[in-house]
Amino acid sequence: MKGIPLPGEIGVHARAVLAGEIAPVPARDAATVVLLRSARAGVEVYMLRRATSMDFVAGAYVFPGGSVDPRDDDQSLAWAGPAPETWGRVFGADVATARGLVCAAVRETFEESGVLLAGPSADTVVADTTGDDWEADREALIARRLSLAEFLNKRGLVLRADLLRPWAHWITPDVERKRFDTRFFVAAMPPGQRTRDVGGEADEVAWLRPDQALRRAQDGEIWLVPPTIRTLTEISAFADVHSVLACDREIVTVQPRVAEVEGEMWLVIPDGHDGVS
């Protein structure tokens, strides 16, 4: 087991939760997408630094993602690829939740990177999403004035669930004040599209090699949370994007727990999921 100390008020809150004095906050379903592209040195991942004003892991480098919107399980949109039932079996979720997770993955990726995993047909993908009209729709999605189904249907687009692959499942520890039940996906950068600095929840974006991001974190240049460290460590073992997408993953739920050791509170991460191979 590996641990992270929980000092000060965080430790006090953790002790209260552990003692049953405070009930854990319910975890919200969420989706995270590790966007990949080929690079001369192998694989690069798209990462965002969460703005310091955010109330959850502010300042951390993360992958695009966020909570499932209640409208993400809308069945009116066109869908290509594995059915929600298939995703449900992979992630241990009911059909409605699975549909919402895949839709949230596509929506959040577009909102936070400008990359859209959808196309005019089941075997095509949008080539360019950088015009003013796309930006207006992206902002409407963020503001929840527009649902993903409304957005795709308006443009006659098909959601490409087949461009996603399942990767991991992490649940925020019980002691956190804001908690997520997050399924991780991986996806390759669609041909012709490009990411852009879209602002909002992030104040910096970058394409980084997994080993580069891990090294910068070790040197104290950037901050990474345990699920991100583990994901980067795993992906750093692959030589190219195709190999990542072809990996047959067994999805195991990981939830760090809290323990008191010699009067101090620690967040304990199960062996094999702390980023150390």
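- For the pair L163 and A187, the tightest heavy-atom approach, listed with the atom from each and the gap, is O-CB, 3.5 Å.
- The backbone N or O of P173 lies less than 3.5 Å from no partner atom in the side chain of E176, so there is not a single donor-acceptor pair.
- Note on R160 versus D123: no salt bridge recorded, every NZ/NE/NH1/NH2 to OD/OE distance being 4.0 Å or above.
- L48 and I142 fall into different hydrophobic clusters, where Ile, Leu, Val, Met, Phe, Trp and Tyr are joined by side-chain heavy atoms under 4.5 Å apart, directly or via other members.
- I10 and I269 fall within a single hydrophobic cluster, where Ile, Leu, Val, Met, Phe, Trp and Tyr are joined by side-chain heavy atoms under 4.5 Å apart, directly or via other members.
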From CA spacing to verdict: side chain to side chain contact (heavy atoms under 4.5 Å, CB included), Q255, R179 | CA-CA 11 Å; Q255 182 177 5; R179 301 182 59 235; 3.2 Å; yes
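- T231 and W167 share no side-chain donor-acceptor pair at under 3.5 Å.
- The closest donor-acceptor contact from the side chain of S243 to the backbone of A239 lies at 3.5 Å or more, if one exists at all.
- Within the cation-pi definition used here (under 6.0 Å to the ring centroid, within 45° of the axis), R99 qualifies as a partner of W79.
- Proximity of P166 to F184: side-chain heavy atoms (C-beta onward) are nowhere separated by under 4.5 Å.
- Between A98 and G88 the shortest heavy-atom distance is CB-N, 3.5 Å.
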Check the pair V244 / R165 against side chain to side chain contact (heavy atoms under 4.5 Å, CB included), numbers first and verdict last.
-> CA-CA 9 Å; V244 178; R165 300 289 187 276; over 6 Å; no
Go through the steps for R155 and D137 under the test side chain to side chain contact (heavy atoms under 4.5 Å, CB included), then give the verdict.
-> CA-CA 10 Å; R155 290 180 172 272; D137 281 346; 2.9 Å; yes
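- V158 is not listed as a side-chain neighbour of P120, based on a closest heavy-atom distance of 4.5 Å or more.
- Under the 3.5 Å distance criterion, the side-chain polar atoms of D72 are matched with a main-chain donor or acceptor of D69.
- W134 and F110 have perpendicular rings, their planes meeting at more than 60° on a 0 to 90° scale where under 30° would count as parallel.
- You'll find the side chain of L77 stays beyond 4.5 Å of the side chain of F151, heavy atoms only.
- V225 and A60 make their closest contact through CG1-CB, 4.4 Å (heavy atoms, listed as atom of the first residue, atom of the second, distance).
- Between F180 and S67 the shortest heavy-atom distance is CE2-OG, 3.1 Å.
- Between E111 and R144 there is a salt bridge, since at least one side-chain N of the basic residue sits less than 4.0 Å from a carboxylate O of the acidic one.
- We find the CZ-CD1 distance between R209 and I235 to be 14.5 Å, quoted to the nearest 0.5 Å.
- Once rounded to the nearest 0.5 Å, the distance linking OG of S76 with CG of N153 reads 4.5 Å.
- Taking 4.5 Å as the limit, every side-chain heavy atom of V241 sits out of range of all side-chain heavy atoms of M189.
- T124 and S121 form a side-chain donor-acceptor contact under 3.5 Å, judged by distance and modelled atom types alone.
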If you look only at distance, which donor and acceptor atoms sit under 3.5 Å apart when one is on a side chain in residues 22-37 and the other is two or more places apart or in another chain?
residue: D29; atom: OD1; partner: R183; partner atom: NH1; Å: 3.3
residue: R37; atom: NE; partner: E44; partner atom: OE1; Å: 2.7
residue: R37; atom: NH2; partner: E44; partner atom: OE1; Å: 2.9

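- At distances below 3.5 Å, at least one donor-acceptor pair connects side-chain atoms of T233 with backbone N or O atoms of I229.
- Counting heavy atoms from C-beta on, the side chains of R194 and T129 never come closer than 4.5 Å.
- Under the side-chain contact (heavy atoms from CB on, under 4.5 Å) test applied with L159, the options L164, V106, L116 reduce to a single match, V106.
- For R249, the CZ atom is densely surrounded, since the number of other residues' heavy atoms within 6.0 Å is greater than 12.
- Proximity of Q193 to D128: side-chain heavy atoms (C-beta onward) are nowhere separated by under 4.5 Å.
- Between the side chain of T195 and the backbone N or O of S113 there is no donor-acceptor pair closer than 3.5 Å.
- One hydrophobic cluster holds both V90 and L117 under the rule that ILVMFWY side chains link at heavy-atom gaps under 4.5 Å.
- The two residues M47 and A213 have their closest heavy-atom pair at SD-CB, 4.1 Å.
- E112 and Y46 share no side-chain donor-acceptor pair at under 3.5 Å.
- By the criterion of side-chain heavy atoms lying less than 4.5 angstrom apart, applied directly or through intervening Ile, Leu, Val, Met, Phe, Trp or Tyr residues, I171 is not grouped with V17; the two fall into different hydrophobic clusters.
- A distance of 11.5 Å separates NE2 of H13 from CG of L18, quoted to the nearest 0.5 Å.
- Tracing side-chain contacts under 4.5 Å through hydrophobic residues (I, L, V, M, F, W, Y), one reaches L224 starting from V43; they form part of the same cluster.
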Would you please test F63 and F185 for ring pair (Phe, Tyr, Trp, His ring centres under 6.0 Å) and show each step?
-> CA-CA 10 Å; F63 309 115; F185 300 80; over 10 Å; no
Apply the test salt bridge (charged side-chain N to carboxylate O under 4.0 Å, His left out) to residues E9 and R15: give CA-CA distance (whole Å), side-chain angles for both, the deciding distance (0.1 Å), then the verdict.
-> CA-CA 10 Å; E9 192 276 334; R15 181 176 284 106; over 6 Å; no
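- Scored by the side chain to side chain donor-acceptor pair (under 3.5 Å) test, Q75 finds no partners at all (sequence neighbours excluded).
- In this structure, OG1 on T182 lies 11.0 Å from CH2 on W170, to the nearest 0.5 angstrom.
- Here D133 does not pair with R138 in a salt bridge; the nearest charged N to carboxylate O distance is not below 4.0 Å.
- Heavy atoms only, all atoms of each residue included: H169 and T253 are closest at ND1-OG1, 2.8 Å.
- Residues D73 and C103 are not in side-chain contact: their nearest non-hydrogen atoms beyond the backbone lie 4.5 Å or more apart.
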I would like to know whether V45 and L232 meet side chain to side chain contact (heavy atoms under 4.5 Å, CB included); could you show each step before the answer?
-> CA-CA 9 Å; V45 298; L232 289 168; 3.7 Å; yes
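- A donor-acceptor contact shorter than 3.5 Å is absent between the side chain of E135 and the backbone of D132.
- The pair R257-D174 does not count as a salt bridge, with every side-chain nitrogen at least 4.0 angstrom from each carboxylate oxygen.
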Derivation and outcome, salt bridge (charged side-chain N to carboxylate O under 4.0 Å, His left out), residues R230 and E234 = CA-CA 6 Å; R230 182 59 191 171; E234 291 172 335; 3.2 Å; yes
